[in-house]
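I have placed the structure first, in the form of structure tokens, so that the comments after it can refer back to it.
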Amino acid sequence: GNFFLPALIVMLLMTPVMMAYWFAPILAAWHKLTLGRALFFSIVACWINWRPFLSYGIGLLLVAGIIPGLLLGVLLALFPGAQGFITALITMPMLLAVGPTIYASFYASYRDIFGISEIV
């Protein structure tokens, strides 16, 4: 019961940090920007494109959070004695599928926002 408010506060405080880190490695490596400039331009790029990032976040929440949570809840209700096995059965494939997909989306969003770089 006391989890929602702290989670909301952490999410609100982490949003600018995630915005700064989203494109900063690419901008620093491929465009030879300094650390401060890469972080700044990453925040600006995310801020200008907040609508696609909002839909991306909602989609990610649905695919990686709500649907597996509902599936896990149903399976745990059906098989209450196998909590550890069912949890591992659901979470491990999700981590192996969602993690690389998120990292691949960094490059796709970079290409959409900054275009194809001549430097690379």
Side-chain angles (χ1 to χ4, degrees):
N2 295 332
F3 179 74
F4 182 72
L5 184 62
L8 183 64
I9 291 170
V10 168
M11 186 177 71
L12 288 175
L13 293 174
M14 281 299 295
T15 299
V17 175
M18 291 187 313
M19 288 170 63
Y21 288 164
W22 194 270
F23 297 116
I26 296 172
L27 292 173
W30 291 347
H31 295 277
K32 306 291 187 229
L33 296 178
T34 63
L35 176 64
R37 289 176 57 112
L39 292 170
F40 173 76
F41 286 121
S42 178
I43 289 174
V44 169
C46 291
W47 183 259
I48 290 172
N49 296 288
W50 68 272
R51 289 176 194 91
F53 279 106
L54 180 65
S55 64
Y56 173 82
I58 291 170
L60 185 63
L61 177 68
L62 181 68
V63 170
I66 294 174
I67 293 173
L70 290 174
L71 179 62
L72 185 62
V74 168
L75 288 175
L76 289 177
L78 291 175
F79 306 106
Q83 295 148 344
F85 175 72
I86 291 176
T87 302
L89 185 69
I90 298 297
T91 57
M92 288 309 294
M94 283 301 302
L95 289 173
L96 293 173
V98 171
T101 305
I102 291 171
Y103 285 111
S105 72
F106 291 175
Y107 180 69
S109 62
Y110 163 76
R111 283 194 49 188
D112 281 346
I113 292 173
F114 293 99
I116 298 174
S117 177
E118 294 294 325
I119 298 170
V120 179

Let me see the working for D112 and N49 under side chain to side chain contact (heavy atoms under 4.5 Å, CB included), right down to the final yes or no. CA-CA 10 Å; D112 281 346; N49 296 288; over 6 Å; no

Do you reckon M11 sits in the same ILVMFWY cluster as V63, going by side-chain contacts under 4.5 Å, direct or chained? no

Using the side-chain hydrogen bond (donor to acceptor under 3.5 Å, both in side chains) rule, take Y56 and S105 through it: C-alpha gap first, then chi angles, then the decisive distance, then the call. CA-CA 10 Å; Y56 173 82; S105 72; 2.7 Å; yes

When rounded to the nearest 0.5 Å, the distance separating CD1 of I67 from CE of M94 is 8.0 Å

Heavy-atom closest pair, residues Y110 and H31: OH-NE2, 2.7 Å

Closest non-hydrogen atom pair, A97 against T101: O-OG1, 2.6 Å

Examine Y21 and L35 and state if one hydrophobic cluster contains both, with Ile, Leu, Val, Met, Phe, Trp and Tyr joined whenever side-chain heavy atoms are less than 4.5 Å apart. yes

Measure the spacing between OG of S42 and CG of L33 and express it to the nearest 0.5 Å. 10.5 Å

Path from L60 to Y107 over hydrophobic side-chain contacts below 4.5 Å: yes

Would you say W30 ends up clustered with F114 if hydrophobic residues are merged whenever their side chains have heavy atoms under 4.5 Å apart, either directly or through other cluster members? yes

For the CZ atom on F85, are there more than 12 heavy atoms of other groups (residues, nucleotides or ligands in this structure) within a distance under 6.0 Å? no

Any chance the rings of F53 and W22 have centres within less than 6.0 Å? yes

Once rounded to the nearest 0.5 Å, what's the spacing between atom NZ of K32 and atom CG of L27? 12.0 Å

Please report the interatomic distance CG(L89) to CG(L75), rounded to the nearest 0.5 Å. 7.5 Å

Any donor-acceptor pair under 3.5 Å linking the side chain of S55 with the backbone of P52? yes

Please name the pair of heavy atoms, one in P68 and one in I90, separated by the smallest distance, quoted to 0.1 Å. O-CG2, 4.1 Å

Spacing of F23 atom CZ and F41 atom CZ [to the nearest 0.5 Å]: 13.5 Å

Hey, quick one: are L78 and L72 part of the same hydrophobic cluster, counting side-chain heavy atoms closer than 4.5 Å, chains of contacts allowed? yes

At what distance, to the nearest 0.5 angstrom, does CD1 of I43 lie from CG of L39? 6.5 Å

Exercise: identify the closest heavy-atom pair between T87 and T91: O-OG1, 2.7 Å

